[in-house]
Amino acid sequence: MDKYTIKRVAVCMICLVVMASCICIKARNASSEAGSQSVLSASVSSEPQIAARAAVVIEYETGQVIFEKNCEMKLPMASTTKIMTTLLTLESGNIDDWFTVDSEAIKVEGSSMGLSEGKIVTKRILAYGMMLPSGNDAANAAAVAVAGSIDGFVELMNEKAENFGLDSTHFVTPSGLDDYTDEHYSTALDMANLTRLALSNETFREICKTSSICLQFGDGESFWLSNSNKLLSSCDGVIGVKTGFTDKAGRCLVSACERNGMTLICVTLSDPNDWYDHANLYDYCFSLVGAVTHIENSN
């Protein structure tokens with residue numbers, strides 16, 4: 001059995017564990033059955049109680065849900081929106097061509113990468129500006145560069161969501177700002193599946209796991225960008241992905257974590273305790289993976 005088949009078998013078994021709150025393994029004899037149950041009781045941690053209104057953990061390769069709480073509830077998702085904006089920007093091509101940012105697009109409230117009128121950038125630079133400091137100016141500048149207008153880019157966002165089967169997602173802005181609308185929303189499950197798509201893009205994957213980077217504008221001016229995702233340095237195996245906050249959405253967080261050859265994606269929406277919850281969810285879900293894999297390998 002190849003490693004991918006083993007992973008899929010393990011994840012399916014994990015799903016049964018979560019739904020039934022136990023694992024029942026039919027061993028070939030009474031002795032081996034008792035040994036399996038002993039391994040599980042020692043290996044699987046207690047299911048964490050999380051503060052998020054909605055949450056999900058999925059396995060990256062299969063999309064299998066391992067943990068969920070209200071994962072199909074429609075909620076605003078703040079700057080985790082920039083996962084879609086960055087992906088479309090990178091997929092648009094010519095990401096290292098220089099151009100001058102649109103002077104009106106960058107006049108936007110909230111978090112910023114520090115763009116000003118006349119700055120010369122590339123789409124790659126704007127992608128870093130969106131994913132690390134969560135620059136709303138970068139998101140708007142990228143939207144105009146890709147589609148010619150912010151409204152045109154939003155149409156592309158919604159087309160991409162529809163084509164990928166994100167049926168409970170609707171975008172109004174490329175940045176995630178939502179003060180003036182109730183029509184900018186997604187679900188924890190949709191955002192997890194969007195992240196699966198984004199992480200398949202190697203450039204996106206490299207950008208979202210970057211803690212800090214020194215870049216240059218077209219005029220030669222150097223500047224530093226730092227990632228707002230604290231999990232990169234505080235949680236073992238985390239490789240991204242995106243933070244978010246607005247007054248309406250609360251704290252939103254999308255992350256991905258690699259341990260023992262498996263990648264999990266975690267999404268929490270409206271979670272005042274998101275750093276802690278993601279760390280606990282990874283410990284819990286990877287403990288399920290470890291327990292099931294141990295039994296799979298022993299049979």
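All values below were derived from every heavy atom in this structure, side-chain atoms included, with hydrogens, water molecules and symmetry-related copies excluded. Residues take their numbers from the sequence shown, with the count starting at 1.
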Go through the side-chain N and O atoms of T243 and S228 and say whether any donor and acceptor fall under 3.5 Å apart.
yes
Would you mind reporting whether M77 and D190 have side-chain heavy atoms less than 4.5 Å apart?
no
pair I207-T203: side-chain heavy atoms closer than 4.5 Å
yes
Residue E72 excluded, over 12 heavy atoms near CD under 6.0 Å
no
Are there more than 12 heavy atoms of other residues, nucleotides or ligands under 6.0 Å from atom CD of Q49?
no
Verify the distance criterion only: is there a donor paired with an acceptor across the side chains of T268 and D277 at less than 3.5 Å?
no
Where is the tightest heavy-atom contact between A78 and C252, given as atom of each residue plus distance?
CB-SG, 4.3 Å
Pairwise side-chain contact, D271 with L253, heavy-atom cut-off 4.5 Å (strictly under)
no
Hey, are the side chains of T81 and M157 touching, using non-hydrogen atoms and a 4.5 Å cut-off?
yes
Does T85 reach the side chain of F171, with side-chain heavy atoms less than 4.5 Å apart?
no
Hey, could you give me each pair passing ring pair (Phe, Tyr, Trp, His ring centres under 6.0 Å) that has a residue in residues 188-235? Not counting sequence neighbours.
F217-F223
Any side-chain heavy-atom pair from Y60 and E258 closer than 4.5 angstrom?
no
Which one of L281, V57, I58 satisfies the side chain to side chain contact (heavy atoms under 4.5 Å, CB included) criterion with L264?
V57
Partners meeting ring pair (Phe, Tyr, Trp, His ring centres under 6.0 Å) with F245 (sequence neighbours left out)
none
So which atom in K74 and which in Y185 form the shortest heavy-atom distance, rounded to 0.1 Å?
CD-CE1, 3.7 Å
Are any non-hydrogen side-chain atoms of L199 and C208 less than 4.5 angstrom apart?
yes
Decide, yes or no, whether a salt bridge links D283 with R259 under the criterion of side-chain N to carboxylate O below 4.0 Å.
yes
Using the test salt bridge (Lys or Arg N to Asp or Glu O under 4.0 Å), find all partners of R251 that sit at least two apart in sequence or belong to another chain.
D274
Which atoms form the tightest heavy-atom contact between A127 and T86, and what is the distance?
CB-CG2, 3.8 Å
Where is the tightest heavy-atom contact between T246 and G176, given as atom of each residue plus distance?
CG2-O, 3.9 Å
Would you say the side-chain atoms of K209 and N227 include a donor-acceptor pair closer than 3.5 Å?
no
Students should find that the hydrophobic cluster of V108, defined by side-chain heavy atoms under 4.5 Å apart, otherwise consists of L177
Test of understanding: with salt bridge (Lys or Arg N to Asp or Glu O under 4.0 Å), list the residues that count as partners of K107, not counting sequence neighbours.
E104
Do the non-hydrogen side-chain atoms of N193 and F164 ever get within less than 4.5 Å of each other?
yes
With a cut-off of 6.0 Å (strictly less than), are more than 12 heavy atoms of other residues, nucleotides or ligands near OH of Y276?
no
Tell me yes or no: between the side chains of S134 and S79, is some donor less than 3.5 Å from an acceptor?
yes
Expected output: side-chain K248 to main-chain P76 donor-acceptor under 3.5 Å:
no
Smallest separation among heavy atoms of A138 and G129, with atom names
CB-C, 3.9 Å
For the hydrophobic clusters of this structure (ILVMFWY residues joined by side-chain heavy atoms under 4.5 Å, transitively), does one cluster hold both L215 and M130?
no
Decide yes or no on side-chain contact (heavy atoms from CB on, under 4.5 Å) for N136 and K82, but give the supporting numbers first.
CA-CA 9 Å; N136 295 331; K82 295 186 179 83; 2.8 Å; yes
Heavy-atom pair of closest approach, residues G240 and L232
N-CD2, 3.5 Å
Would you check, one step at a time, whether the test side-chain contact (heavy atoms from CB on, under 4.5 Å) holds for R205 with V241?
CA-CA 8 Å; R205 182 183 283 256; V241 177; over 6 Å; no
Pairing donors with acceptors under 3.5 angstrom, does anything connect the side chains of S112 and D137?
yes
Cluster check L166, L90: I/L/V/M/F/W/Y, side chain < 4.5 angstrom
yes
Qualifying residues under salt bridge (Lys or Arg N to Asp or Glu O under 4.0 Å), relative to D151, sequence neighbours excluded
none
Verify side-chain contact (heavy atoms from CB on, under 4.5 Å) between S168 and L189, making sure each step is shown before the conclusion.
CA-CA 9 Å; S168 297; L189 184 58; over 6 Å; no
V267 and T80: side-chain contact (heavy atoms from CB on, under 4.5 Å), yes or no, with the steps?
CA-CA 10 Å; V267 179; T80 62; over 6 Å; no
Would you call the rings of H278 and Y282 parallel, tilted or perpendicular, where under 30° means parallel and over 60° means perpendicular?
perpendicular
Hphob cluster co-occupancy, L194 + I239, side-chain heavy atoms under 4.5 angstrom
no
